[in-house]
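For reference, the structure is listed below as structure tokens.
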Amino acid sequence: MPASVTNRPEAIDEAAPRPEFLAPASAPTPPALRPGPCFRTRLVERTIIVRLDPELHLGDGAAEEARKEMMSLLRDQGAVRILLNFGGVRYLSSEMLGVLSHSCREVLDRGGHVLACGLDPLMRDVLHLTGLVQSLEICSDEAEALGLLLH
């Protein structure tokens, strides 16, 4: 006679090591999702140089931080030019794109200039699709862009 089959789950040994794919909830967050600064800025002769951080997810919280920083530099420091360095960036949230768009409009309304560099093909397409490319000039690298802005 065959052994009887039961639908009863076997006891789970909580002390036993867990397989990697069942890592505990306290496992470290991957770098791409860590909160923190989403860009570094520097003010040089009324030009804001913005280096977007490719290692961080630039989502909603980062966009609000970026908005405050950009408005402070534009309004309080009197910046009239922006250089956006997208080196290594492969994703921007719609909120972050909105911050960049608003910042570009602020500068253009003052008669300033906006340049971008370090764009990979995907980010170049994003700027085209959003219409941001109409507000800025695209350069190959930061040195070329600074040369155009400062001379």
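Not measured: the values here are computed from a predicted model.
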Which pair of heavy atoms, one from [X] and one from [Y], lies closest together, and at what distance?
{"X": "Ala116", "Y": "Leu136", "value": "CB-CD1, 3.9 Å"}
{"X": "Val114", "Y": "Cys104", "value": "CG1-SG, 3.5 Å"}
{"X": "Thr47", "Y": "Arg81", "value": "OG1-NE, 2.6 Å"}
{"X": "Val133", "Y": "Ile138", "value": "CG2-CD1, 3.6 Å"}
{"X": "Ala79", "Y": "Ile48", "value": "CB-CG1, 3.4 Å"}
{"X": "Ile82", "Y": "Leu84", "value": "CG2-CD2, 3.6 Å"}

* Asked: Should we say atom CZ of Arg110 is surrounded by more than 12 heavy atoms from elsewhere, each under 6.0 Å from it?
  ->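 Counting neighbours around CZ of Arg110, more than 12 heavy atoms of other residues, nucleotides or ligands fall under 6.0 Å, so yes.
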Gap separating the [atom1] atom of [X] from the [atom2] atom of [Y], nearest 0.5 angstrom:
{"X": "Ser135", "Y": "His113", "atom1": "OG", "atom2": "NE2", "result": "13.0 Å"}
{"X": "Ile49", "Y": "Leu146", "atom1": "CD1", "atom2": "CG", "result": "4.5 Å"}
{"X": "Leu74", "Y": "Arg46", "atom1": "CG", "atom2": "CZ", "result": "11.0 Å"}
{"X": "Met123", "Y": "Leu132", "atom1": "CE", "atom2": "CG", "result": "9.0 Å"}

inquiry  = Contact between Val50 and Leu83 at the side-chain level, heavy atoms closer than 4.5 Å - yes or no?
reply    =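 In short, these two side chains do not touch, never coming nearer than 4.5 Å.
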Item to complete: Report yes if some heavy atom in the side chain of Val126 is under 4.5 Å from a heavy atom in the side chain of Leu97; otherwise report no.
Response: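 Answer yes - side chains close enough.
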Are Leu119 and Leu127 close enough, and set up right, to give a side-chain contact (heavy atoms from CB on, under 4.5 Å), and what steps lead you there?
CA-CA 9 Å; Leu119 292 163; Leu127 293 183; 3.6 Å; yes
Tested for side chain to side chain contact (heavy atoms under 4.5 Å, CB included) against Cys117, the lone hit among Glu142, Glu144, Arg51 is Glu142
Not counting sequence neighbours, which residues clear side-chain hydrogen bond (donor to acceptor under 3.5 Å, both in side chains) with Glu137? List them please.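 side-chain hydrogen bond (donor to acceptor under 3.5 Å, both in side chains) list for Glu137, sorted by chain: empty.
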Exercise. Between Val80 and Leu73, is there a shared hydrophobic cluster once you connect ILVMFWY residues whose side-chain heavy atoms come closer than 4.5 Å?
Worked result: no
- Determine whether Tyr91 and Leu122 fall in the same hydrophobic cluster, where Ile, Leu, Val, Met, Phe, Trp and Tyr are linked whenever their side-chain heavy atoms lie under 4.5 Å apart.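 Different clusters.
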- Task: Would you sort out whether Asp120 and Phe86 count as a side-chain contact (heavy atoms from CB on, under 4.5 Å), showing the intermediate values?
- Result: CA-CA 8 Å; Asp120 72 2; Phe86 288 89; over 6 Å; no
| request: Decide side-chain contact (heavy atoms from CB on, under 4.5 Å) for Leu52 and Arg40; before the verdict, give the C-alpha distance in whole Å, the side-chain angles of both, and the deciding distance to 0.1 Å. | output: CA-CA 7 Å; Leu52 299 162; Arg40 291 170 303 182; over 6 Å; no
Sorted by chain and residue number, the side chain to side chain contact (heavy atoms under 4.5 Å, CB included) partners of His102 (sequence neighbours excluded) come out as Met71, Arg75, Arg105, Glu106
